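Below, chains carry the letters A, B, ... as their sequence lines are ordered, and counting in each starts from 1. If you're wondering where the values come from, they're calculated on a predicted model, not measured in any experiment.
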Protein chains: 2
Amino acid sequence: MNPAPESGMTAGQGRSTDTGRTATKRRSIVTAARTIFLRKGYGRASMDEIAALAEVSKQTVYKQFADKQQLFATIITTDIDATERLTGSMVENLGVSQDLESDLRRFARRHIVEVTQPDTVRLRRMIIAEAERFPELATAWYAQGPERGHASLAEQIAILAERGVLRAPDPLLAAQELNWLILSIPLNRAMFHGPDGTFSPVELDRYADEAVRIFLSAYRSE
Amino acid sequence: MNPAPESGMTAGQGRSTDTGRTATKRRSIVTAARTIFLRKGYGRASMDEIAALAEVSKQTVYKQFADKQQLFATIITTDIDATERLTGSMVENLGVSQDLESDLRRFARRHIVEVTQPDTVRLRRMIIAEAERFPELATAWYAQGPERGHASLAEQIAILAERGVLRAPDPLLAAQELNWLILSIPLNRAMFHGPDGTFSPVELDRYADEAVRIFLSAYRSE
């Protein structure tokens with residue numbers, strides 16, 4: 001009686017179930033790929049193993065990801081998007097901050113926790129390991145991770161400089177200094193300390209707070 | 001007629017020639033090992049290949065180095081000693097400096113050049129790559145490299161704090177902050193940029209000078 005909408009609906013439901021199944025498979029592939037990459041390194045990981053661990057056919061993997069590099073790029077983007085969701089809004093609001101010291105501390109404390117997560121440290125180590133053989137991976141990660149982060153911070157530092165809160169003739173340089181002030185001590189130790197490179201929250205807070213103190217000493221106006 | 005001294009002399013000469021030959025072989029082995037380690041990574045490097053490249057027998061290698069790990073430790077120590085020779089005396093004199101800003105700049109500019117040498121960057125990358133499988137290598141490197149460096153700097157910072165030039169309640173923390181302020185921007189970029197991660201001397205000087213400015217803003221007394 002009303003065939004068009006009905007069949008339309010059925011087709012729609014079918015499509016959305018298909019989309020749901022596709023999305024589920026895609027997530028399984030990405031999760032499996034992360035595990036295999038971390039276990040074997042990028043060079044030695046194979047699409048076969050990834051398909052086997054994700055319990056899908058190799059064709060299914062290739063239907064969604066043209067090649068290993070595209071799959072790896074998706075992992076990087078997924079991870080970075082997850083981090084952005086956590087600290088992105090903190091960064092975006094720095095420019096208009098009315099209490100810069102406490103807002104910077106809040107961001108720094110969160111940022112340091114994110115970047116020293118064991119899986120993030122292991123992924124970082126793996127990318128560094130492969131930087132010579134697969135420079136395109138490492139440069140992509142660097143561009144989408146630290147460089148994007150520096151650019152977002154630099155925008156806010158420029159606003160703070162316009163407001164006269166900071167004195168930062170080169171906002172990008174100031175942003176890089178801030179980022180590495182926050183991360184360097186624990187991140188370098190983590191890089192060289194295998195699975196033991198973990199930190200107590202008290203330690204991390206202390207590094208974050210000292211980073212903010214140093215940054216403000218050097219860049220605050222007056 | 002004077003047999004004792006003569007034969008003594010002969011024996012001495014023989015011994016010193018032997019020692020000379022042994023030292024030469026030892027140097028060849030260390031150089032070959034560095035090449036093989038950088039090419040294949042620690043895990044995949046073999047003592048056979050190292051002996052072949054050094055043009056000595058495998059027994060000769062084992063006469064000097066108990067195992068692969070000891071050989072690797074020797075490379076680390078050799079490299080770190082070479083760096084120490086270049087910046088060690090600059091650090092040792094910081095405590096009594098009468099012009100801290102310019103002495104720190106001189107140290108920072110030299111330190112950044114040393115640490116961003118392509119072979120040092122590649123060795124660092126390799127150690128990070130193997131940190132999970134061979135944590136003892138990475139921790140040894142970290143202890144003999146950055147941690148020793150931080151300790152030397154901290155000693156001088158403590159003297160400067162006693163003199164009232166700096167305000168540094170935790171000299172070790174201040175030393176770590178200074179070290180990473182100097183190195184982080186170029187070193188992180190180098191880690192992720194394969195063989196292209198090189199820098200112009202002007203760029204490096206700029207990072208060194210900004211590091212010193214930030215450090216003094218945060219730690220100088222008054």
Side-chain angles (χ1 to χ4, degrees), chain A residues 38-39 41 43 118 121-122 124-143 145-147 150 170 172-174 176-197 206-207 210-220, chain B residues 38-39 41 43 118 121-122 124-143 145-147 150 170 172-197 206-207 210-211 213-220:
Chain A
L38 286 175
R39 192 185 295 159
V121 166
R122 296 177 68 210
R124 196 173 193 277
R125 213 184 262 143
M126 197 208 92
I127 295 167
I128 289 175
E130 309 274 19
E132 202 121 348
R133 281 201 302 159
F134 304 100
E136 64 286 1
L137 289 189
T139 40
W141 182 87
Y142 198 76
E147 279 183 353
H150 295 149
D170 182 341
L172 185 59
L173 179 61
Q176 291 173 308
E177 301 285 7
L178 175 59
N179 183 46
W180 299 122
L181 269 169
I182 298 169
L183 300 177
S184 289
I185 296 179
L187 192 54
N188 278 288
R189 216 170 75 198
M191 282 291 111
F192 292 100
H193 282 79
D196 310 330
R206 187 170 165 247
Y207 292 133
E210 183 67 354
V212 170
R213 187 190 74 79
I214 297 171
F215 178 79
L216 289 177
S217 304
Y219 290 100
R220 204 190 305 249
Chain B
L38 286 176
R39 192 185 296 160
V121 166
R122 295 178 67 211
R124 198 173 192 276
R125 215 184 262 145
M126 198 208 90
I127 294 166
I128 290 176
E130 308 273 21
E132 201 121 351
R133 281 201 301 160
F134 304 100
E136 64 285 1
L137 289 189
T139 41
W141 182 87
Y142 198 75
E147 278 183 355
H150 294 150
D170 182 341
L172 185 59
L173 178 61
Q176 291 173 306
E177 301 287 6
L178 174 59
N179 183 46
W180 299 123
L181 269 169
I182 297 168
L183 300 177
S184 289
I185 296 177
L187 192 54
N188 278 286
R189 215 171 76 197
M191 283 290 112
F192 292 99
H193 283 79
D196 310 329
R206 186 168 166 250
Y207 292 134
E210 182 68 353
R213 186 189 75 78
I214 296 171
F215 178 79
L216 290 177
S217 304
Y219 291 99
R220 203 190 303 249

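For Arg124(A), the parts lying near chain B are the backbone and the side chain together; criterion is any non-hydrogen pair under 4.5 Å.
Counting heavy-atom pairs under 4.5 Å between each of Tyr142(A), Trp141(A), Phe134(A), Phe215(A) and chain B puts Tyr142(A) at the top. For the options Leu181(B), Asn188(B), Leu137(B), heavy-atom pairs under 4.5 Å to chain A are most numerous at Asn188(B). Comparing Ala129(A), Gly41(A), Ser217(A) by heavy-atom pairs within less than 4.5 Å of chain B, the highest count is held by Ser217(A).
Between the Arg213(B) side chain and the Ala218(A) main chain, a donor and an acceptor come within less than 3.5 Å of each other.
Two residues are said to be in side-chain contact when any heavy atoms from C-beta on lie closer than 4.5 Å; Phe192(B) and Thr139(A) fail this criterion. Two residues are said to be in side-chain contact when any heavy atoms from C-beta on lie closer than 4.5 Å; Glu132(B) and Val121(A) fail this criterion. A heavy-atom distance below 4.5 Å is found between the side chains of Tyr219(A) and Ile214(B). Taking the side chain as every heavy atom from C-beta outward, Leu183(A) and Trp180(B) never approach each other to under 4.5 Å. Proximity of Met126(B) to Ile128(A): side-chain heavy atoms (C-beta onward) are nowhere separated by under 4.5 Å.
From Ser184(B), atom OG reaches atom CG of Asn179(A) across 9.0 Å, with rounding to the nearest 0.5 Å. Atom NE2 of His150(B) and atom CD1 of Ile185(A) lie 7.0 Å apart (nearest 0.5 Å). To the nearest 0.5 angstrom, Arg189(A) atom CZ is 7.5 Å from Gln176(B) atom CD.
Summarising the geometry of Leu173(A) relative to Glu210(B), their closest heavy-atom pair is CD2-CG, 3.9 Å, with the distance given to 0.1 Å.
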